[in-house]
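Accompanying notes for the structure given below.
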2 protein chains.
Amino acid sequence: MDDQETGPLKSIADLARLAGVSVSTVSRALTGKGALSKGTRGRIQALADRHGFRLNVAAQNLRLGRTGAIAVLMPLGLARGLQLSDPFLVTMLGFLADALTDRGYDLLLSRVSPDRDDWLDAFIRAGRADGVIIIGQADQGAVLGRVAAHYRPMVVWGEQGAGGGPAMVGADNEAGGRLAAQHLVERGRRSLAFFGDMDVPEFAARHAGFLAGLPASLRGGVALICSPLTPEASHAKARDWFAAGNRPDGIFAASDVVAMSLVAAAADHDLRVPQDLSIIGFDDIPLARLARPPLTTVRQDIEAGAHHLVDLLFRRIGGEDAGSVQIAPELIVRETS
Amino acid sequence: MDDQETGPLKSIADLARLAGVSVSTVSRALTGKGALSKGTRGRIQALADRHGFRLNVAAQNLRLGRTGAIAVLMPLGLARGLQLSDPFLVTMLGFLADALTDRGYDLLLSRVSPDRDDWLDAFIRAGRADGVIIIGQADQGAVLGRVAAHYRPMVVWGEQGAGGGPAMVGADNEAGGRLAAQHLVERGRRSLAFFGDMDVPEFAARHAGFLAGLPASLRGGVALICSPLTPEASHAKARDWFAAGNRPDGIFAASDVVAMSLVAAAADHDLRVPQDLSIIGFDDIPLARLARPPLTTVRQDIEAGAHHLVDLLFRRIGGEDAGSVQIAPELIVRETS
DNA sequence: CTGTTAGCGCATTCAT
DNA sequence: ATGAATGCGCTAACAG
């Protein structure tokens with residue numbers, strides 16, 4: 001062992017000195033690129049290993065003109081807690097982390113506040129990431145459309161807008177809404193309500209599909225309640241609504257969290273689910289089946305969505321002009337309907 | 001407007017040329033550091049704004065010898081699904097993202113597989129982050145202890161081990177276990193069980209506290225069931241256990257997810273909660289109060305935990321030799337007990 | 001108050 | 001097969 005106390009190796013220059021070769025040789029040995037005699041390469045790799053030396057990723061990236069990271073942005077803005085407390089988002093985040101690390105990329109999680117109109121441009125120009133995945137367009141459709149026109153490596157999870165917008169991946173929310181409608185009608189429900197925030201395009205599409213799936217005779221009577229999305233707030237909203245005397249026999253909730261809040265609020269008012277009232281959610285988060293009673297819901301395949309997002313992004317990074325993807329939703333009948 | 005088509009500005013050199021000043025002047029103007037006449041600064045900032053120019057964060061960080069990112073690592077390894085689906089982790093992640101972005105840092109989310117013994121050293125030496133937050137030590141206590149000896153900017157969420165380990169933040173799991181025990185005893189429960197995975201130090205401490213909080217007469221009779229942590233798997237485990245004829249009257253679950261699975265499984269077997277069986281969880285995830293019946297649980301304050309983690313980390317980055325923090329748990333009595 | 005210069009750690013031409 | 005030299009975009013002495 002010529003392994004004397006040389007102090008920590010800070011850069012390939014140190015290692016080169018130690019090995020008696022040039023920095024470029026070390027670089028070639030450690031990256032595996034370029035021609036190099038097998039002996040030298042092995043010797044240098046062994047030396048690096050012994051000293052616990054690793055290439056500095058930041059410097060490497062600067063030199064290569066990349067960052068090695070993909071940003072995941074959730075511009076949900078409003079309530080701070082909201083963006084990350086929703087089990088759907090979180091599940092999505094986990095699958096994205098898996099898919100990205102599989103490709104050797106880091107996941108840069110940023111909470112951005114869409115206060116100024118150029119929040120996205122500013123983020124992109126700062127050059128922190130090689131691509132951007134946006135989860136939930138919220139009310140930022142205009143910004144996304146504008147940026148998409150000149151920035152390719154970006155994909156958005158959400159409801160497909162009119163053509164020409166950003167590359168999107170999302171469930172077919174309208175079809176999901178129709179599924180919910182047909183199911184409630186089959187169950188003989190007649191007095192219906194929709195709980196959700198119509199400012200969110202996904203939810204608006206679910207609502208539109210819900211109406212479209214109903215016979216014309218019922219369509220006019222559907223109550224539309226603008227509900228918040230957090231467990232606490234949606235529970236409060238639902239309780240107030242029942243307290244005001246509203247007694248529908250079928251409710252379609254924009255998300256499973258809202259649906260679970262409705263089940264809880266119904267119990268507070270001695271409404272039996274599903275005997276007196278059918279409730280159906282959207283998402284099929286893992287906890288939906290654990291709820292009591294287990295939640296009937298429209299499932300969107302989050303894992304498939306994450307994979308599509310990442311695939312699409314890397315296709316676009318690779319120069320391909322890949323377009324949007326839509327995922328078919330599926331009705332999962334459990335015991336709240 | 002002297003704003004001709006000059007093409008996109010790639011670097012401060014371009015901007016300097018455009019403004020007729022030197023690069024250092026531009027740098028000073030844009031960073032706000034160093035002395036500069038108010039006029040020049042304003043002029044350059046306006047110019048940068050007009051052209052949509054932003055400093056390249058990667059280059060800035062390389063020069064400053066930092067990365068501007070904090071890594072959050074979850075070495076939970078075992079089941080892939082686990083890290084993603086557990087609402088506790090996800091909630092923690094959200095609060096961490098908030099706390100870090102408040103300090104101007106990015107959150108680098110990495111799923112590391114602790115397969116080799118040097119996974120952590122390798123990650124650190126790659127220089128991708130200025131500090132590391134580990135969520136859940138799992139079975140990596142030895143690795144963490146070794147690394148902590150020579151790497152300061154690291155904090156770990158979890159159960160405090162014997163002295164000398166890494167800087168830790170965590171709930172007082174043993175105290176939490178005692179709380180649960182006392183509560184069940186007060187409710188008159190005598191035939192008790194604990195559901196959890198004893199390989200996870202946090203859970204082992206909860207179990208130990210649970211036993212410690214029981215009168216000696218009951219301590220010997222506590223069943224210990226090694227349960228998985230995901231909704232699906234824990235539900236299956238619980239159902240099988242009830243199916244085998246086990247009929248305790250009080251169960252302490254290692255996490256809320258496990259507790260909710262137990263409630264669901266109990267219903268499958270026509271056990272009434274809480275009349276026949278008291279169930280108490282741990283965490284107080286947001287959905288705990290929405291469960292039917294709302295879940296009695298031992299609350300750990302996740303937001304406070306996240307803030308402590310970040311505080312502690314930056315203290316250590318700043319050279320302070322700040323030590324561990326323990327958070328007092330709180331019994332939240334709802335309707336499953 | 002502003003400009004010149006020397007790197008941060010690395011990858012890559014171009015020589016040899 | 002290897003070495004020398006250049007620069008990715010930026011900041012911070014050091015001069016003036």
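Below, chains carry the letters A, B, ... as their sequence lines are ordered, and counting in each starts from 1.
At least one side-chain nitrogen or oxygen of B:Thr40 sits closer than 4.0 Å to the OP1 or OP2 atom of C:dT2. Within the 4.0 Å cut-off from OP1 or OP2 of C:dA11, not a single side-chain nitrogen or oxygen of A:Lys33 is found. In this model, the phosphate group of D:dG9 is not approached by any side-chain N or O of B:Ser11 to a distance below 4.0 Å at OP1 or OP2. In this structure, A:Thr31 does not reach the C:dA11 phosphate: none of its side-chain N or O atoms is under 4.0 Å from OP1 or OP2. Look at B:Ser27 and you won't find any side-chain N or O under 4.0 angstrom from OP1 or OP2 of D:dC10.
The distance between atom CG of B:Leu62 and atom C1' of D:dC8, rounded to the nearest whole Å, is 9 Å. Following rounding to the nearest Å, B:Asn56 (CG) and D:dG9 (P) show an atom-to-atom distance of 7 Å. Rounded to whole Å, atom P of D:dC8 lies 21 Å from atom CG of A:Leu55. Separating the CG atom of A:Leu9 from the P atom of C:dG9 is a distance of 12 Å, rounded to the nearest angstrom. A straight line from NZ of A:Lys38 to P of D:dA1 spans 12 Å, rounded to a whole angstrom. Between the P atom of D:dA1 and the CZ atom of A:Arg43 lies a distance of 15 Å, rounded to the nearest Å. Rounded to whole Å, atom C1' of D:dC10 lies 13 Å from atom CZ of B:Arg66. If you take CG of A:Leu36 and C1' of D:dG3, they are 12 Å apart, rounded to a whole angstrom.
Of the charged side-chain nitrogens involved, at least one lies within less than 4.0 Å of a carboxylate oxygen, so that A:Asp321 and A:Arg152 count as a salt-bridged pair. Look at A:Asp121 and B:Arg54 and you find no salt bridge, because none of the NZ, NE, NH1 or NH2 atoms lies under 4.0 Å from a carboxylate O.
Side-chain contact, A:Ser27 with A:Ser24: no donor N or O sits under 3.5 Å from an acceptor N or O.
Ranking D:dT2, C:dA11, D:dT11 by closeness to the B:Gln60 side chain, first place goes to D:dT11. In the set D:dC10, C:dA11, C:dG3, C:dG3 carries the atom at the smallest distance from any side-chain atom of B:Val21. Residue A:Lys10 places its side chain closer to C:dG9 than to any other of C:dG9, D:dT11, C:dA11. Set against D:dG3, C:dT12, C:dG7, the side chain of B:Arg63 has C:dG7 as its closest nucleotide. Ranking C:dT5, C:dC10, C:dT2 by closeness to the B:Val23 side chain, first place goes to C:dT5.
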### Task
Could you give me the CA-CA distance, side-chain angles and deciding distance for B:Asp311 and B:Arg103, then say whether salt bridge (charged side-chain N to carboxylate O under 4.0 Å, His left out) is met?
CA-CA 10 Å; B:Asp311 275 1; B:Arg103 295 187 186 240; 2.5 Å; yes
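Rounding to the nearest 0.5 angstrom, the gap separating the CG atom in B:Leu109 from the CG atom in A:Leu109 is 7.0 Å.
In this structure, A:Arg66 forms a cation-pi arrangement with A:Tyr105, its terminal cationic atom sitting closer than 6.0 Å to the ring centre and no more than 45° off the ring axis.
Contact of B:Ser24 with C:dG3 (side chain to base): a donor-acceptor pair of N or O atoms is detected under 3.5 Å. Below the 3.5 angstrom threshold, one finds a donor paired with an acceptor across the side chain of B:Arg28 and the base of C:dG3.
A residue-by-residue look at B:Arg41 and B:Ala59 shows that B:Arg41 has its nearest nucleotide of DNA chain C further toward the 5' end.
Base engagement by B:Ile12 is indicated by at least one non-hydrogen atom pair under 4.0 Å involving a base atom.
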